[in-house]
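Please read the structure below before turning to the comments.
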Amino acid sequence: MTDLAGPVGGHAKSSFINDPKVRSIGLQLIALIVVIFLGWSFTENARDNLAAQKIATGFGFLDNTAGFGINQTLIPYSETSTYGRAFVVGLLNTLLVAVVGILLATIIGFLVGIGRLSKNFVVRTLSTVYVEVLRNLPPLFQILFWYLAVLSAMPGPRNSISLFGEVFISNRGIIIPRPLFGDGAGIVVWAIGLAILMAILFRHWAASRQEETGRYLPVLWINLGLIIGLPLLALIATGFPISFEVPELKGFNFVGGVQVIPEFVALTVALATYTAAFIAENVRSGIQSVSHGQTEAAHSLGLRHAQTLRLVIIPQAMRVIIPPLTSQYLNLTKNSSLAVGIGYPDLVAVFAGTALNQSGQAIEIIAITMGVYLVLSIITATIMNVYNKRVALVER
Amino acid sequence: MKRLLSTFALAGAMGLCAFGAQAATKLEQVKSKGFVQCGVSQGLPGFSNPNDKGEWSGLDVEFCRAVAAAIFGDPSKVKFTPLSAKDRFTALQSGDIDILSRNTTWTITRDTSLGLNFTGVTYYDGQGFMIRKDKKVNSALELSGASVCTQTGTTTEQNLADYFRANNMTYEVIAFATNDEVVKAYDAGRCDVLTTDRSGLAGERLKLTNPDDHIVLPEIISKEPLGPVVAHGDDQWFDIVKWVLFAQLNAEELGVNSKNVDEQLKSAVNPEIKRLLGTEGKYGEGMGIGNDWGYLIIKNVGNYAEIYDRTVGPDTPLKLARGLNALWNKGGIQYAPPIR
């Protein structure tokens, strides 16, 4: 604008204030200062008032002893650990539900979504019923159903359902043997890593070979053989250094083994099946958005049905599926806070529940908890956005 | 959700208002809105429990009615806010409620670092364990390895950890947000043991499918003095709430109850009774309420014994003997400072 020679109306030397660029930056600066000032005065005022009422403030409480137990801990934790550690335990429990839930929901969602378009009447109807029932019931209700209805049908630990005498299912959860790693187990872990690396390299090599020669190799089967075979070989070579600690009924409960608590199972299953209903609809709409001409073109090129789906339809459908899929992943993560309804020790139950009540530092703890959910959501969204960029339509 | 709202209310109240400068006293606020807002439990028989018409009853509820009677002369001028154990203090700190009367244990942390004042002890309690009879356990010391259900945000949760640790026993704790969830999970067999204050066990047992299949173990593992709580910063309000309880205890000691209080008002010669009922001295004045405050409490709600007997006493489904809660001169430890 300023480059224009001879502005109209005789305002030859336009004032600095009239420059739209300067003005808009100036206004935004003022707005920013006002917001920062309001935030600062709010914090200061809150601190003064809390001090006046002698309510403890600050983040020092994170180093204090928590003094309460948690029944699912992914890292070592005891009653003598700090609130800070209880926070990490809660966070990991939330992440566990989120990650397992997202994986399950994606698998079920894709299967049901494709099932909705199946030519088979039974599959199609079952898929429709699944979607219509699960997405129309409130998630908390579904969690309570999986918890209370399924739990009360389970036998007590003394009459638990035993699978091969190794795995036990009861109203205390699923108890599985715990692997114990002996000498040489490290070699097996290395073998797994090596196998995965080799599988990736082989896939690249096979792809470029196909580009050049047009010859196709059964990559999936060879890689599967690699990933299973190599560690197995290592196991045999080191003389099976991994043993299993089988759970044993002693007194009230099983001792030994790994306990998968029923709260975790109920929460994960409920959230995964609920979210899967939405994902199924995303998948269906994504596939239907790819025009039928694409299928016909692929068929006329000689691609088989499965290949058409995998190489032509799904990649194009992904462009439509990914953005709403991200929202569903975020929903699942946030819905995991409903854990508090069934006593699963997630971040909200442990930290924004017990820790908040015992330390009384509501403002700090709620702020931290909200911050955590915000960060988790932003991380998930960022990963999905990167993936979305890769599958998005590249315009030439 | 309620917790989140109260937290925002707390953050808002603390962030926006200049503290103490222009604020009306709690008594003025209560008088101008015309009722006492009282925080109670979400349903604990004997202490605070709504019936199918939404009418609240119980020891904690009666206490709030007594405060309303002392201020307004009308025990019905109370509104109740049901709160879970973990939401209760935030609701009081943010000013959502005027009194917290929700079987709350008096501890040093709560009294000194949450911005709260405990006004007295309405019920002396202790933590106990309930277990199915068919588990054939006779002592809490046999509970090693057990799964224990409890309510989150309570002293119970910490006592449990201390007790098992002190006795070198292992346990699995499953902590739920509300009483009802604890009872449901225990009934479904998720845990072997339910633990809370013994008065609570008596109440919660009534909610089980077959109450007679369960026993309360003899051990009492903690001291749980339960009482009403107010927020820091208003000594007059603190005094009123504190003395409502003392008036009820003194009335029992002096033999004044809701049935004979009118007669006592006219004919009592004992100066202690006269001071309690406001016919001698001006003791309400110091608290900013009417001098007949004692009379209004006893007339409308009753003395401590009457309240105890109709809410948790031996003739109620809870069947709790007075025990520690008897007056000091009858073998208990309930003792109130004199009105003079």
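To find a chain, count down the sequence lines: A is the first, B the second, and so on, and within it residues start at 1. Fair warning: this is a prediction, and the values are worked out from it, not measured in the lab.
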*Checking heavy atoms, do the side chain of A:Y147, its backbone, both or neither come under 4.5 Å from chain B?*
side chain
*Of the backbone (N, CA, C, O) and the side chain (C-beta and beyond), which part of A:L144 lies under 4.5 Å from a heavy atom of chain B, both, or neither?*
neither
*Using the side-chain hydrogen bond (donor to acceptor under 3.5 Å, both in side chains) rule, collect all pairs that involve residues 165-176 of chain A, keeping only residues at least two apart or in two chains.*
A:R172-A:N253, A:R172-B:D192
*State whether A:F42 and A:R47 meet the cation-pi test: NZ (Lys) or CZ (Arg) under 6.0 Å from the six-membered ring centroid, and within 45° of the perpendicular axis.*
no
*A:K250 to A:F254, cation-pi by 6.0 Å centre distance and 45° axis angle*: no
*Evaluate whether atom CH2 of B:W106 has more than 12 neighbouring non-hydrogen atoms of other residues, nucleotides or ligands under 6.0 angstrom away.*
yes
*Can you establish whether the number of heavy atoms outside B:K223 located under 6.0 Å from its atom NZ is more than 12?*
no
With a 4.5 angstrom heavy-atom cut-off, is it the side chain or the backbone of [X] that approaches chain A, or both, or neither?
{"X": "B:T109", "value": "side chain"}
{"X": "B:S144", "value": "backbone"}
{"X": "B:R165", "value": "side chain"}
{"X": "B:C191", "value": "backbone"}

_Can a donor-acceptor pair be found, under 3.5 Å and without considering hydrogens, that links the side chain of B:D98 to the backbone of B:C38?_
no
*asked:* Does either side chain, that of B:E224 or that of B:N159, offer a donor lying less than 3.5 Å from an acceptor on the other one?
replied: yes
*Do B:S199 and B:D125 meet the criterion of a side-chain donor-acceptor pair at a distance under 3.5 Å?*
yes
_Residue among A:Q259, A:M154, A:E44 with most heavy-atom pairs under 4.5 Å to chain B_ = A:Q259
*Among the listed options A:I365, A:T354, A:V350, the residue most often paired with chain B at heavy-atom distances under 4.5 Å*: A:T354
*Which one of B:A175, B:S147, B:A177 has the most heavy-atom pairs closer than 4.5 Å to chain A?*
B:S147
*Which residue out of B:G189, B:A185, B:A231 racks up the most heavy-atom pairs below 4.5 Å with chain A?*
B:G189
_Aromatic contact, B:F238 with B:H232 (centres under 6.0 Å)_ = no
*For A:F68 and A:Q358, which heavy atoms make the closest approach, and how far apart are they?*
CD2-OE1, 3.6 Å
*asked:* So which atom in A:P177 and which in A:V246 form the shortest heavy-atom distance, rounded to 0.1 Å?
replied: CB-CA, 4.4 Å
*For chain B, which residues of residues 77-84 of chain A have heavy atoms nearer than 4.5 angstrom*: A:E79, A:T80
